[in-house]
Participant: 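Shown below is the structure under consideration.
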Amino acid sequence: MALSTQPYKGARDFYPEDKRFQKYMFGKLRQVAERFGYEEYDAPILESIDLYLAKSGSEIVNEQTYVFKDRADREVVIRPEMTPSASRMVAGRRQELGYPLRWYSIPNLWRYERPQRGRLREHWQLNVDVFGLPGIEAEVELIQLSSAIFKSFGATPAMYEIRLNSRKLMDFALHNYLGLTEVEAYSMAKLIDRMHKIDRTEFIGLADAVLSPSEREAGAVEKLLKVLDARRLSDLPALLVAHESVVALQKLLDSLTTSQISNVRFDPTIMRGFDYYTDIVFEVVDLHPDNNRSMMGGGRYDGLVGLFGVDPVPTVGFGLGDVTLQNFIELHDLLPKLRSESDVYLATIGDVAAGAQLAVAQLREMGVNVAVGATGRKLADHFKLAEKKHIHYVVIVGEQELASEQYTLKNLQTTESALHSLPRIVSIVKDYRAS
RNA sequence: GCGGGCGUAGCUCAGUUGGUUAGAGCGCUGGCUUGUGGAGCCGGAGGUCGUGGGUUCAAGACCCAUCGCUCGCCCCA
């Protein structure tokens with residue numbers, strides 16, 4: 001029985017062309033995060049199971065993560081998300097870190113579930129968090145940052161939308177405006193979260209089922225729909241418009257408008273699945289019909305650092321997954337032509353191995369990445385191979401070149417070739433690399 | 001964990017109501033000769049038709065099982 005060449009279920013191999021794209025993508029993410037003053041951090045890919053049990057409950061940890069026992073019987077989890085690790089690290093040096101603390105990371109994460117479009121078992125996720133800012137300026141900054149990320153990939157505002165909501169507002173709406181109990185509000189929040197997946201009649205039926213008969217008679221469903229149908233804050237029922245969370249949302253929307261971010265709107269159906277969010281939540285949604293899903297999600301979670309027994313630190317953060325981002329880039333035709341890491345492909349003609357070695361060494365010494373072709377091939381084969389590997393230039397070394405110390409540099413795209421000194425070749429190649 | 005779709009060459013696929021030695025395009029490879037490629041022409045390699053069982057004189061095709069991929073549900077960190 002032959003060994004399978006397939007990668008593990010739900011995980012990907014990164015062949016050089018895939019890795020090259022990933023490097024491009026991550027490079028942009030790092031560049032933008034750092035432009036906003038964020039510092040990169042990392043943590044171990046393995047964490048104690050306790051870190052997730054405290055936050056998520058045992059069910060999701062046992063069923064949706066990779067859990068195993070190490071040789072000393074410790075229960076270990078392959079990290080399914082970065083937020084707990086980041087909170088752990090911040091709590092660990094709570095006193096000595098200066099605030100606001102701006103951190104980002106691009107961890108490789110694993111979740112145990114059936115793979116589907118945009119959602120694999122293995123993925124990478126940009127995590128950006130700002131710690132120590134209790135005010136709305138933190139949310140403003142993070143949404144500006146996400147907007148800058150999409151811009152850096154060449155996306156226009158028409159391609160995606162930023163949607164905002166407030167957990168505080170929804171809690172108030174469910175408890176005080178609709179009068180739901182704790183349990184009902186929880187179920188209703190989950191239902192609202194998947195409202196866009198089901199049709200309206202079905203939604204109304206399911207919402208009805210959550211409510212008690214008296215609440216139903218009091219018109220709770222109608223009141224709920226009035227909340228959920230609001231396209232702007234002013235559409236909300238008067239009792240809610242006056243709430244402090246609406247003031248905060250309005251302030252956030254105003255700031256973003258001032259920052260020229262136009263594709264942002266209030267959306268009361270944005271709930272975010274997990275419970276640690278405490279206030280404003282947001283998502284970035286791809287508007288392409290074939291990828292109509294959330295690419296990025298985040299919000300404020302002021303309580304997490306405090307779980308480690310230190311004073312709480314107000315925090316806002318978001319995660320952006322590589323799989324949906326890649327889908328976005330491909331579907332909107334934003335994929336750039338990516339170049340090889342090699343600047344030149346070196347082709348020898350005749351028995352010039354010793355002399356060519358010297359030229360190669362000099363080129364490398366001067367900072368040029370040189371891939372050397374196999375000896376004894378025809379020039380045409382060298383060209384084809386270099387082209388296939390997306391290498392832009394071929395340097396030809398033969399008897400003539402060695403005698404004159406002028407080397408043939410061929411541009412595979414223009415097909416032009418000319419003789420140059422090695423330093424000249426270095427400068428041409430580096431100019432191209434920088435272009 | 002649940003449901004739908006699909007597994008034929010490296011890739012994309014075609015294979016007529018079951019009928020002899022399994023096909024195309026692209027890709028790969030050799031040549032059209034030895035210092036300038038992408039075209040064209042002529043060759044070549046490569047498939048126990050995902051796997052195992054069954055029905056049949058006969059299975060790539062039909063049935064069962066199993067594995068894998070994929071899309072969706074649950075869940076979404």
Side-chain angles (χ1 to χ4, degrees), chain A residues 1-2 4-12 15 47 51-53 55-57 59-66 77-87 107 109-121 123-127 129 189-191 193-194 197-198 202 270-277 281 283 290-299 301 304 317-321 323-324 345 347-352 373 376-388 391 393-402 407-419:
Chain A
M1 178 100 157
S4 170
T5 58
Q6 278 183 344
Y8 173 74
K9 185 184 186 71
R12 297 163 290 173
Y15 283 83
E47 290 276 7
L51 186 65
Y52 305 99
L53 288 179
K55 193 207 67 171
S56 323
E59 196 173 313
I60 197 156
V61 174
N62 288 326
E63 289 174 12
Q64 311 239 19
T65 61
Y66 284 85
V77 172
I78 302 180
R79 63 185 177 195
E81 57 166 331
M82 197 57 169
T83 305
S85 303
S87 301
L109 308 174
W110 290 76
R111 51 192 162 207
Y112 194 86
E113 61 178 13
R114 286 276 285 266
Q116 55 186 295
R117 180 172 172 78
R119 215 174 149 77
L120 305 175
R121 287 183 166 185
H123 70 131
W124 303 73
Q125 189 185 61
L126 170 70
N127 273 251
D129 294 278
K190 297 284 177 195
L191 182 59
D193 199 35
R194 42 187 276 258
K197 285 188 178 181
I198 49 193
E202 192 184 353
I270 298 294
M271 294 300 288
R272 306 294 305 147
F274 255 129
D275 302 336
Y276 57 72
Y277 291 113
V281 288
E283 290 188 358
D290 295 344
N291 194 41
N292 197 359
R293 62 174 64 223
S294 167
M295 291 183 281
M296 201 204 83
Y301 53 102
L304 225 43
F318 70 77
L320 168 64
V323 182
T324 41
Y345 192 81
T348 55
I349 300 173
D351 189 16
V352 294
R377 297 236 176 114
K378 289 187 292 191
L379 276 180
D381 293 330
H382 284 301
F383 296 155
K384 283 179 190 159
L385 207 55
E387 183 100 283
K388 184 174 179 171
I391 301 174
Y393 290 104
V394 171
V395 169
I396 301 169
V397 179
E399 311 255 340
Q400 295 162 26
E401 282 81 0
L402 289 180
Y407 297 82
T408 306
L409 179 71
K410 182 180 174 76
N411 180 325
L412 287 173
Q413 238 136 67
T414 64
T415 75
E416 287 162 6
S417 61
L419 288 166

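As the structure is a computational prediction, the values presented were derived from the model and not from experiment. Below, chain A is the first sequence line, B the second, and so on; all start at residue 1.
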Participant: The side chain of A:Glu113 is closest to which nucleotide in this list: B:G37, B:C75, B:A77?
Facilitator: B:C75
Participant: Classify the nucleic acid contact of A:Gln6 as base, sugar-phosphate or nothing, counting any heavy atom under 4.0 Å across all strands shown.
Facilitator: sugar-phosphate
Participant: Which part of the nucleic acid, if any, lies within contact of A:Glu401, taking any heavy atom under 4.0 Å across all strands shown: a base, the sugar-phosphate backbone alone, or nothing?
Facilitator: base
Participant: With a cut-off of less than 4.0 Å, is there a side-chain N or O of A:Lys190 near OP1 or OP2 of B:C76?
Facilitator: yes
Participant: Does B:G37 have its OP1 or OP2 closer than 4.0 Å to a side-chain nitrogen or oxygen of A:Lys410?
Facilitator: no
Participant: Between B:C76 and A:Arg119, counting only base atoms on the nucleotide and side-chain atoms on the residue, is there a donor-acceptor pair under 3.5 Å?
Facilitator: yes
Participant: Using Watson-Crick or G-U wobble geometry with both distances under 3.5 Å, which nucleotide pairs with B:G68?
Facilitator: B:C6
Participant: Between B:C73, B:A77, B:C32, which nucleotide has the shortest distance from any of its atoms to the side chain of A:Gln116?
Facilitator: B:C73
Participant: Taking only the P atom of each, what is the distance from B:U12 to B:U55 in whole angstrom?
Facilitator: 35 Å
Participant: Using every non-hydrogen atom in the two residues, find where A:Met82 and A:Leu109 come nearest and quote the distance to one decimal.
Facilitator: N-CD2, 4.2 Å
Participant: Checking all strands, does A:Leu109 fall into the base, sugar-phosphate, or nothing category for heavy-atom contacts under 4.0 angstrom?
Facilitator: nothing
Participant: Taking only side-chain N and O atoms of A:Lys9, does any of them lie within less than 4.0 angstrom of OP1 or OP2 on B:C69?
Facilitator: yes
Participant: With the side chain of A:Lys384 defined as its heavy atoms from C-beta on, choose the nearest nucleotide among B:G37, B:G72, B:U36.
Facilitator: B:G37
Participant: Nearest to the side chain of A:Glu81, which nucleotide is it out of B:C2, B:G35, B:A77?
Facilitator: B:A77
Participant: Can you find an N or O donor on one side and an acceptor on the other, under 3.5 Å apart, linking the side chain of A:Thr408 with the base of B:G35?
Facilitator: yes
Participant: Pick the C1' atom in B:C73 and in B:C13, then give their distance to the nearest Å.
Facilitator: 30 Å
Participant: Looking at the side chain of A:Arg117, which of B:G72, B:A77, B:C69 is the nearest nucleotide?
Facilitator: B:G72
Participant: Select one nucleotide: of B:A77, B:U70, B:U36, the one nearest the side-chain heavy atoms of A:Tyr276.
Facilitator: B:A77
Participant: If each of A:Glu416 and A:Lys388 is mapped to the nucleotide of RNA chain B with the nearest heavy atom, which maps nearer the 5' terminus, i.e. the 5' end?
Facilitator: A:Lys388
Participant: Verify the contact: side-chain N or O of A:Arg79 to OP1 or OP2 of B:A77, cut-off strictly under 4.0 Å; return yes or no.
Facilitator: no
Participant: Under a 3.5 Å cut-off for both distances, is B:G30 Watson-Crick or wobble paired, and to whom?
Facilitator: B:C42
Participant: Counting any heavy atom closer than 4.0 Å, what does A:Glu399 reach on the DNA or RNA strands: base, sugar-phosphate only, or nothing?
Facilitator: base
Participant: With nearest nucleotides of RNA chain B determined for A:Leu419 and A:Thr414 from heavy-atom distances, which residue corresponds to the more 5′ nucleotide?
Facilitator: A:Leu419
Participant: Please verify the inter-ring angle class for A:Tyr301 with A:Tyr276; under 30° counts as parallel, over 60° as perpendicular, anything in between as tilted.
Facilitator: perpendicular
Participant: When we call it a touch if two heavy atoms are under 4.0 Å apart, what does A:Lys197 touch: a base, just sugar-phosphate, or nothing?
Facilitator: base
Participant: With heavy atoms under 4.0 Å as the rule, sort A:Arg377 into base, sugar-phosphate or nothing.
Facilitator: nothing
Participant: Find the partner of B:U56: check Watson-Crick (N1-N3 plus N6-O4 or O6-N4) and G-U wobble (N1-O2, O6-N3) distances, both under 3.5 Å, and reply none if neither fits.
Facilitator: none
Participant: Do any N or O atoms of the protein come closer than 3.5 Å to N or O atoms of nucleotides 42-47 of chain B, and which pairs are they?
Facilitator:
none

Participant: Taking only the side-chain heavy atoms of A:Thr415 (C-beta and beyond), determine which of B:U36, B:G37, B:C28 contains the nearest atom.
Facilitator: B:G37
Participant: Closer than 4.0 Å, any side-chain N/O of A:Arg293 to the OP1 or OP2 of B:G72?
Facilitator: yes
